[in-house]
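To start, the structure itself, in C-alpha cells.
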Amino acid sequence: MNDWDLRDLTLAGIQWELTDIPFVIASAPQAHEPTTTRTPGGAANARTPTAIVPPIAPEQTISVETAVAMAARPGDAASLNRMIAEFNHPLRAGATNVILPHIAPNPNGLVIITDIPSADDDANGQILSGAAGELLDKMLAAIDMSRENVSIVPLLFWRTPGGRTPSREEMDLGRPFVNKMLGFLKPRIIMTLGTLPAMEIGKITLAQGHGIVKELDSGVKLMPLFHPNYLMLKPGAKRDAWNALQSVQKMLKNPNE
C-alpha cells in the first residue's frame with residue numbers, strides 16, 4: 001500500500017484498516033511562540049515546544065475510489081450502516097447527525113430513496129422525521145404499508161449547509177454506499193421522493209415523470225413521486241401521489257403485471 005492509499009484511508013476514517021483499536025486524528029495544533037524561562041541569575045533561556053506531526057492538509061480530499069473500496073467491504077446491511085456512520089465525508093463536519101438508512105425488519109419489496117436530510121432529520125438523527133415523515137407514514141398507511149416493511153435510503157447521509165443542493169463531488173462520494181445498500185435490500189420497486197433522487201436514480205425530470213413507472217436496466221421498477229414537503233405546500237398534487245401509491249401497491253401484489 002502506497003502513501004496515497006494510506007492518505008485516502010485516513011481521510012475516510014478507516015481505523016480498522018490498520019488496527020483493531022479506533023484512533024482519532026487530532027486537529028492541527030496552533031502555532032506557539034517559543035516559551036521563555038529565566039535562570040536564578042536572570043538570564044533568559046528560550047525553550048522550543050515539542051514538535052508534533054501535523055495532520056493531513058485540509059485541502060486534500062477523499063477519493064471516490066476510496067468510497068467504492070469502503071462500500072465493498074461490508075457483508076450485510078447492518079455492517080454497511082456502521083461503515084456509513086464511520087465514513088469521513090466532507091459534509092460530516094458540518095452535520096449534526098449521520099442519517100442512516102432505515103432497514104425494514106419485514107421487507108415487502110419496496111424501497112424508498114429520499115432527498116438529502118432535512119433540518120428535522122439532522123437534528124433528530126432519524127430519516128424522514130418531522131411533518132414530512134408524518135405525511136409519509138400516512139401515505140404508506142393508506143396502501144397498508146409502514147416502515148415495518150418499507151426500507152428508506154437517503155440519497156445523501158449528511159445534511160448540506162443550509163440544505164443547499166449537494167455538489168457533484170459530494171454526491172459521488174456517497175453514491176457507492178447507496179448502491180451497495182440497494183444491493184443488500186434487493187428491491188422489486190424503488191420509489192423516489194423528490195427531484196434529486198428521481199434524476200440521480202432514474203434520470204427522470206420529476207415535473208414530467210411524476211407517477212410514471214420506469215423500468216431500470218437492473219429490471220427494478222422505479223416510481224418517482226413528489227417529496228412530502230412539496231405535497232404539504234401543494235395539496236393539489238396529492239391526487240397524483242395517491243394514484244401513484246395505488247400503482248405501487250398493485251405492482252407489489254401482482255409482480256407479473
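Here the structure is a predicted model, which means the values were calculated and not measured.
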Revision key, fill the gap. Heavy-atom closest pair (Y230 atom, A237 atom, distance to 0.1 Å) is CE2-CB, 3.9 Å
Review point. Do V213 and V248 have side-chain heavy atoms sitting under 4.5 Å apart?
Key: no
**Study point:** Under 3.5 Å: donor-acceptor pair, side chain of H227, backbone of T114
**Key:** no
Check your understanding: Are any of the side-chain heavy atoms of R147 and L128 separated by less than 4.5 Å?
Key -> yes
Point to revise | Nearest-0.5 Å distance, CD1 of residue I127 to CG of residue L100 | key: 9.0 Å
Review point. Which atoms form the tightest heavy-atom contact between P176 and D172, and what is the distance?
Key: CD-O, 3.1 Å
Practice item. For T205 and A207, indicate whether the former's side chain and the latter's backbone hold a donor-acceptor pair under 3.5 Å. Key: no
Review point. For E65 and M70, what are the C-alpha separation, side-chain angles and deciding distance, and is it a side chain to side chain contact (heavy atoms under 4.5 Å, CB included)?
Key: CA-CA 9 Å; E65 290 76 14; M70 286 185 69; over 6 Å; no
Point to revise | Any L233 side-chain heavy atom under 4.5 Å of F226 side chain | key: no
Review point. Counting distance only, does the side-chain N/O of K234 pair as donor-acceptor with the main-chain N or O of L231 below 3.5 Å?
Key: no
Exercise for review: Give the cluster check for L206 versus M199: same hydrophobic cluster or not, with ILVMFWY residues linked at side-chain heavy-atom distances below 4.5 Å.
Suggested key: no
Study note, to complete from the structure: What one should report as the nearest heavy-atom pair of P154 and V178 is O-CG2, 3.7 Å
Practice item. Specify the closest pair of heavy atoms between P107 and A104, including all atoms of both residues, with the distance to one decimal. Key: CD-O, 3.5 Å
Exercise for review: Using a 4.5 Å cut-off on heavy atoms from C-beta on, say whether the side chain of T192 contacts that of I190.
Suggested key: yes
Exercise for review: Using side-chain contact (heavy atoms from CB on, under 4.5 Å) as the criterion, point out the one residue from L136, N229, D115, I113 that pairs with L193.
Suggested key: L136
Revision key, fill the gap. Taken to the nearest 0.5 Å, the spacing of S63 OG from E169 CD works out to 10.0 Å
Review point. What is the distance from atom CG of L252 to atom NZ of K221, rounded to the nearest 0.5 Å?
Key: 9.5 Å
Point to revise | Qualifying side-chain hydrogen bond (donor to acceptor under 3.5 Å, both in side chains) pairs with a residue from residues 208-217, counting only residues at least two apart or across chains | key: none
Practice item. Start with the C-alpha distance between M191 and L110, add both sets of side-chain angles, then the distance that settles side chain to side chain contact (heavy atoms under 4.5 Å, CB included), and finish with yes or no. Key: CA-CA 7 Å; M191 188 166 71; L110 175 62; 3.9 Å; yes
Check your understanding: How many angstroms lie between atom NZ of K138 and atom CD of E134, to the nearest 0.5 angstrom?
Key -> 6.5 Å
Check your understanding: Checking side chain to side chain contact (heavy atoms under 4.5 Å, CB included) for the pair V153/H102: CA distance, chi angles, key distance, verdict?
Key -> CA-CA 6 Å; V153 181; H102 163 71; over 6 Å; no
Point to revise | ring-ring contact (aromatic ring centres under 6.0 Å, His included) against F184, all qualifying residues, sequence neighbours excluded | key: none
Check your understanding: Of the non-hydrogen atoms in A244 and G211, which two are nearest, and what is the gap between them?
Key -> CB-CA, 3.9 Å
Revision key, fill the gap. For residues 122-131, the side-chain hydrogen bond (donor to acceptor under 3.5 Å, both in side chains) pairs (sequence neighbours left out) are T96-D122, D121-S129, N124-S129
Exercise for review: Could you check if a side-chain atom of L140 sits within less than 4.5 angstrom of a side-chain atom of I112, using non-hydrogen atoms only?
Suggested key: yes
Review point. Taking only residues two or more places apart in sequence, or in another chain, which ones meet E200 in a salt bridge (charged side-chain N to carboxylate O under 4.0 Å, His left out)?
Key: R168, R175
Review point. For the hydrophobic clusters of this structure (ILVMFWY residues joined by side-chain heavy atoms under 4.5 Å, transitively), does one cluster hold both L222 and I212?
Key: no
**Study point:** Heavy-atom donor-acceptor pair, R92 side chain to E86 backbone, under 3.5 Å
**Key:** yes
Practice item. Compare all side-chain heavy atoms of Q249 with those of D144 and state whether any distance is below 4.5 angstrom. Key: yes
Check your understanding: Would R188 and V220 satisfy side chain to side chain contact (heavy atoms under 4.5 Å, CB included), going step by step from the backbone distance to the final call?
Key -> CA-CA 5 Å; R188 289 163 48 199; V220 175; over 6 Å; no
Review point. Taking atom CE of M223 and atom CD1 of I189, what is their separation to the nearest 0.5 Å?
Key: 8.0 Å
Exercise for review: Please name all residues satisfying side chain to side chain donor-acceptor pair (under 3.5 Å) with R239, sequence neighbours left out, ordered by chain then number.
Suggested key: none
Check your understanding: Is any side-chain heavy atom of L173 closer than 4.5 Å to a side-chain heavy atom of P90?
Key -> yes
Exercise for review: Specify whether W158 and F87 have parallel, tilted or perpendicular ring planes, treating 30° as the upper limit for parallel and 60° as the lower limit for perpendicular.
Suggested key: tilted
Check your understanding: So, the side chain of N149 versus the backbone of S146: is there a donor-acceptor pair under 3.5 Å, distance only?
Key -> yes
**Study point:** Side-chain heavy-atom pair P101, I84 within 4.5 angstrom cut-off
**Key:** yes
Exercise for review: Report the distance from atom CD1 of I99 to atom CG of L156, rounding to the nearest 0.5 Å.
Suggested key: 10.5 Å
Exercise for review: Compare every heavy atom of L225 with every heavy atom of A241, then report the nearest pair and how far apart it is.
Suggested key: O-CD2, 4.3 Å
Exercise for review: Please name all residues satisfying salt bridge (charged side-chain N to carboxylate O under 4.0 Å, His left out) with D120, sequence neighbours left out, ordered by chain then number.
Suggested key: none
Check your understanding: Taking R159 for the side chain and N97 for the main chain, is one N or O donor matched with an acceptor at less than 3.5 Å?
Key -> no
